[in-house]
Colleague: 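This is the structure, below, for whatever I ask next.
Here the structure is a predicted model, which is why all the values come from computation and not from measurement. Naming: A, B, ... by sequence-line order, numbering from 1 per chain.
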Amino acid sequence: MSHSCIHWFRKGLRLHDNPALLAALRDCRRLYPIFILDPWFAAAANVGINRWRFLVGALKDLDRSLRELDSRLFVVRGKPGDVFPELFREWSVTRLTFETDTEPYSQQRDKEVLRLAEEHGVEVIQKISHTLYNIERIIEENNGKAPLTCVRFQTVVKTIGPPQRPLPSPTLQEMNGKCTETHDEKYGIPTLEELGKDPQLTGPEIYPGGEQEALRRLDKYMERTGWVCSFEKPNTSPNALSPSTTVLSPYLKFGCLSVRTFWWRLVGIYQGKKHSQPPVSLHGQLLWREFFYTAGRGISNFDRMEGNPVCVRVDWDSNLEYLSAWREARTGFPFIDAIMTQLRQEGWIHHLARHAVACFLTRGDLWISWEEGQKVFEELLLDADWALNAGNWQWLSASAFFHQYFRVYSPVAFGKKTDKNGDYIKDFPAGITQTRTKVNKKGT
DNA sequence: ACGAGAGTTGCATCA
DNA sequence: CTGATGCAACTCTCG
């Protein structure tokens with residue numbers, strides 16, 4: 001029981017299936033669970049207010065769960081490169097644990113932190129738990145390159161075998177007495193005001209952040225075993241008034257829900273039953289996430305056209321008025337405008353709705369670069385996930401992975417298939433509207 | 001090496 | 001309602 005440990009939460013904002021947190025608890029005398037919030041980043045980042053609220057919710061939830069285990073979350077203000085040397089000294093830290101993150105930005109940041117830890121004689125333990133597989137291993141198995149088709153991807157992961165099973169949450173017994181510091185005023189959960197955001201500008205909170213809500217939502221959908229077994233993504237509706245899919249994506253993005261917990265829950269339900277298969281099944285959806293994470297790790301400049309070896313070079317137009325009209329939901333196409341309105345208000349739109357507006361912005365109608373669309377999604381989606389966002393934008397603009405440019409979504413006909421009465425376009429009128437509550441919207 | 005076959009989820013039209 | 005077809009001709013994988 002000699003170690004003084006920091007567990008650094010970044011993504012992975014949960015207690016269940018958190019191998020790095022469990023590693024911190026081994027031979028541990030004192031544990032400091034931290035989240036680092038960089039005020040400069042908060043001011044500069046392209047993150048919309050609804051996602052800030054989701055993050056704050058997730059941090060509150062994590063703190064509450066830790067307090068139930070006689071611990072707490074320390075939200076440390078500053079840049080990782082500045083705060084770690086101070087924390088190492090102040091808390092006499094001997095070990096630092098965190099979850100592996102494969103994004104280029106994170107890899108850069110973590111390289112610096114590894115260097116600082118070494119300087120201060122701090123042991124670092126990293127664990128993979130944000131993805132089903134070790135992404136590096138998938139690339140190795142495919143001869144050092146990210147697979148470019150889903151069939152190829154599935155072939156490669158089959159050689160690796162099934163994903164690891166999720167681990168249990170730490171118990172009160174394991175956590176007990178390892179947290180002695182309080183400093184509520186110094187390390188408290190931030191408010192939106194502290195982040196320089198006006199809470200009045202948030203939309204209705206339909207998808208609250210946090211592990212508790214993630215697991216509640218998972219339970220709710222997994223109860224419907226018939227629905228789970230027959231799930232086929234292309235047959236779900238992009239414009240249903242209540243979501244036709246699980247909306248677990250924001251929880252997976254922040255790691256409030258472990259993808260391995262989700263995967264194995266599905267295995268249990270599929271067991272002995274006839275069920276749909278990848279790529280259209282729910283397992284298939286998790287494999288797509290893995291597919292794009294692998295692409296983001298293995299392909300250079302993955303979020304850009306320039307310098308990106310898999311991205312077709314297109315001479316896109318730069319029509320600022322068209323771009324604004326798309327972003328502000330005033331293209332004049334009610335289906336497109338309704339989707340963009342829902343995106344701004346609620347922070348989540350159905351995957352096929354993303355297809356419709358992405359095709360419209362790029363190859364379908366406006367001929368504007370997918371990178372512009374990527375920025376708007378990055379800001380407004382609760383589930384904005386670097387690799388998935390870049391990958392899907394390249395897909396939909398027929399820049400990479402998908403190349404059948406003549407399959408274009410009609411901005412009129414596509415929505416009509418699943419919304420004959422136009423209920424969705426009435427529910428989400430064009431243009432930037434004031435925040436409305438669900439109650440007002442339904443007119444009740 | 002090179003060609004055949006396949007590729008998460010299109011649309012309009014026609015039988 | 002379901003399924004076949006033309007549209008026009010892309011890129012990746014695999015044998």
Colleague: Does Arg407(A) place a side-chain N or O at less than 4.0 Å from the phosphate oxygens OP1/OP2 of dT9(B)?
Modeller: yes

Colleague: In this structure, how many angstroms lie between the P atom of dG7(B) and the NE2 atom of His355(A), rounded?
Modeller: 17 Å

Colleague: Taking the minimum atom-to-atom distance to the side chain of Ala413(A), which one of dC11(B), dC10(C), dT9(B) wins?
Modeller: dC11(B)

Colleague: Mind checking the P distance from dA8(C) to dG3(B)? Whole angstroms is fine.
Modeller: 25 Å

Colleague: Check every strand shown and say whether Val312(A) touches a base, only sugar-phosphate, or nothing at a heavy-atom separation below 4.0 Å.
Modeller: nothing

Colleague: Work out how far the P atom of dC12(C) is from that of dA1(B), and round it to whole angstrom.
Modeller: 16 Å

Colleague: Give the rounded distance in Å between these two atoms: CZ of Phe401(A) and C1' of dT9(B).
Modeller: 17 Å

Colleague: How far apart are the C-alpha atoms of Arg51(A) and Glu379(A), what are their side-chain angles, what is the distance that settles it, and do they pass the salt bridge (Lys or Arg N to Asp or Glu O under 4.0 Å) test?
Modeller: CA-CA 8 Å; Arg51(A) 191 156 83 253; Glu379(A) 178 193 348; over 6 Å; no

Colleague: Can you tell me how far C1' in dA9(C) sits from the matching atom in dG7(B), rounded to whole Å?
Modeller: 14 Å

Colleague: Can you tell me the distance, in whole Å, between the CZ atom of Phe153(A) and the C1' atom of dA6(B)?
Modeller: 19 Å

Colleague: Rounded to the Å, how far apart are Arg363(A) CZ and dA8(C) P?
Modeller: 16 Å

Colleague: Could you please name the option among dT9(B), dT13(C), dT11(C) that lies closest to any side-chain atom of Lys233(A)?
Modeller: dT9(B)

Colleague: With heavy-atom distances below 4.5 Å as the criterion, would you say the side chains of Trp370(A) and Trp316(A) are in contact?
Modeller: yes

Colleague: Dot-bracket for DNA chain C, 5' to 3', with Watson-Crick and G-U pairs under 3.5 Å, [ ] for crossing pairs and | for other-strand pairs: what is it?
Modeller: .||||||..||||||

Colleague: Just the rounded figure in Å: distance from P of dG7(B) to CD of Gln154(A).
Modeller: 10 Å

Colleague: Measure the distance from CG on Asn142(A) to C1' on dT13(C) and round it to the nearest whole Å.
Modeller: 11 Å

Colleague: Taking it one step at a time, do Glu213(A) and Arg216(A) satisfy salt bridge (Lys or Arg N to Asp or Glu O under 4.0 Å)?
Modeller: CA-CA 5 Å; Glu213(A) 174 64 13; Arg216(A) 191 197 65 77; 2.8 Å; yes

Colleague: Quantified in whole Å, what is the P atom distance between nucleotide dC14(C) and nucleotide dT8(B)?
Modeller: 12 Å

Colleague: Can you give each donor-acceptor pair under 3.5 Å made by side-chain atoms of residues 154-168 of chain A, sequence neighbours left out, with the distance rounded to 0.1 Å?
Modeller:
| residue | atom | partner | partner atom | Å |
| --- | --- | --- | --- | --- |
| Thr155(A) | OG1 | Val151(A) | O | 2.8 |
| Thr159(A) | OG1 | Val156(A) | O | 2.5 |

Colleague: Could you tell me the separation between the CG atom of Leu396(A) and the CZ atom of Arg354(A), rounded to the nearest 0.5 Å?
Modeller: 11.0 Å

Colleague: Name the closest nucleotide to the Phe414(A) side chain, picking from dT9(B), dC11(B), dA8(C).
Modeller: dC11(B)

Colleague: Between dC11(B), dC10(C), dG7(B), which nucleotide has the shortest distance from any of its atoms to the side chain of Tyr405(A)?
Modeller: dC10(C)

Colleague: Look at the side chain of Pro234(A) and decide which nucleotide, out of dT13(C), dC10(C), dT9(B), has an atom nearest to it.
Modeller: dT9(B)

Colleague: Would you mind reading off the distance between Arg313(A) atom CZ and dT11(C) atom C1', rounded to a whole angstrom?
Modeller: 18 Å

Colleague: Does dC11(B) have OP1 or OP2 under 4.0 Å away from a side-chain N or O of Lys417(A)?
Modeller: yes

Colleague: For ring-ring contact (aromatic ring centres under 6.0 Å, His included), just list the numbers for Trp227(A) and Tyr221(A), CA-CA rounded to whole Å, side-chain angles, deciding distance to a tenth of an Å, and then say yes or no.
Modeller: CA-CA 8 Å; Trp227(A) 180 81; Tyr221(A) 279 88; 5.6 Å; yes

Colleague: Round to a whole Å and report the spacing from CG of Asn239(A) to C1' of dT9(B).
Modeller: 14 Å

Colleague: Give the nucleotide from the list dT9(B), dT11(C), dC12(C) with an atom nearest to the side chain of Trp395(A).
Modeller: dT9(B)

Colleague: Between dT13(C), dT8(B), dA8(C), which nucleotide gets closest to the side-chain atoms of Arg152(A)?
Modeller: dT13(C)

Colleague: Relative to the ring of Phe402(A), is the ring of Trp395(A) parallel (under 30°), tilted (30 to 60°) or perpendicular (over 60°)?
Modeller: parallel

Colleague: Using a 5.5 Å cut-off between ring centres and planes within 30 degrees, is Phe406(A) stacked on the base of dC10(C)?
Modeller: no

Colleague: Return the set of residues passing ring-ring contact (aromatic ring centres under 6.0 Å, His included) with Phe35(A) (not counting sequence neighbours), or none when no residue passes.
Modeller: none

